[in-house]
Amino acid sequence: MSHSVGPKEYSRMVEKASPPSPLLKDCLWAFFSGGAICCLGQLLSVFWMQTGFALIESRAMVSVTLIFFTAILTACHWFDDIAKHTGAGTLIPITGFANSMVSSAIEFKSEGYILGVGAKIFTIAGPVIMYGTVASVVYGIIYWITTLF
């Protein structure tokens, strides 16, 4: 005989099973780890400019470098370990996006490169790309309309 759990009982069970989150500690870890990634980005920008790239090119190289290292860390299963301790700080757009793409590719690699990796690589990142694109178009239209008047 199955026992049905009501919504209130289920909520109590979840509350009992879930430890309280140390909100201040989590926020500080996210702030400092995200800031550290941004500082690393600045150091990379200076490095790429010293190797001969112009400012705009060095910024592109920073993105490529951060994506590359995030992909390596994700493939080695280290990124998730880092993210467990640093929280949302590692999910700043470029590293979080790279992690989501590589994670999807790794997860579906066993299904083959076309039907697995190729078809599923945008499983998580696809909605981000779509909504980001739609939001930028809407913002562009609003900006265009406001500049007319």
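Between atom CG of residue Leu28 and atom OG1 of residue Thr86 there is a gap of 13.0 Å, rounded to the nearest 0.5 Å. In this structure, the separation between CD on Glu57 and OG on Ser45 is 11.5 Å, given to the nearest 0.5 Å. Rounding to the nearest 0.5 angstrom, the gap separating the CZ atom in Arg12 from the NZ atom in Lys8 is 8.0 Å. Taking OG1 from Thr70 and CD1 from Ile37, the interatomic distance works out to 7.0 Å, rounded to the nearest 0.5 Å.
Side-chain contact check for Leu73 versus Val102: every heavy-atom pair is 4.5 Å or farther apart. Under the 4.5 Å side-chain criterion, counting only non-hydrogen atoms from C-beta, Met61 is not in contact with Leu44.
Listed for the Thr147 side chain is a donor-acceptor partner under 3.5 Å among the backbone atoms of Tyr143. A donor-acceptor contact shorter than 3.5 Å links the side chain of Thr95 to the backbone of Thr90.
Under the 4.5 Å side-chain heavy-atom criterion for grouping Ile, Leu, Val, Met, Phe, Trp and Tyr, Phe47 is connected to Leu40 within one hydrophobic cluster. Residues Trp144 and Val137 share a single hydrophobic cluster, defined by chaining ILVMFWY side chains whose heavy atoms lie under 4.5 Å apart. There is a path of hydrophobic side-chain contacts, each under 4.5 Å, that joins Leu148 to Ile141. Hydrophobic clustering (side-chain heavy atoms under 4.5 Å, transitive across Ile, Leu, Val, Met, Phe, Trp, Tyr) groups Trp48 together with Ile67. Hydrophobic clustering, with ILVMFWY side chains joined whenever heavy atoms are under 4.5 angstrom apart, groups Val14 together with Val5.
Of the options Lys16, Glu15, Glu9, a side-chain contact (heavy atoms from CB on, under 4.5 Å) to Met13 is made by Glu9 and by none of the others.
The minimum heavy-atom distance linking Ser33 with Ala30 is given by the pair OG-O, 3.3 Å.
Other residues, nucleotides and ligands place more than 12 heavy atoms under 6.0 Å from the CG atom of Leu55.
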Go through Val62 and Ile94 one step at a time and tell me if the side chain to side chain contact (heavy atoms under 4.5 Å, CB included) criterion holds. CA-CA 10 Å; Val62 168; Ile94 198 134; over 6 Å; no

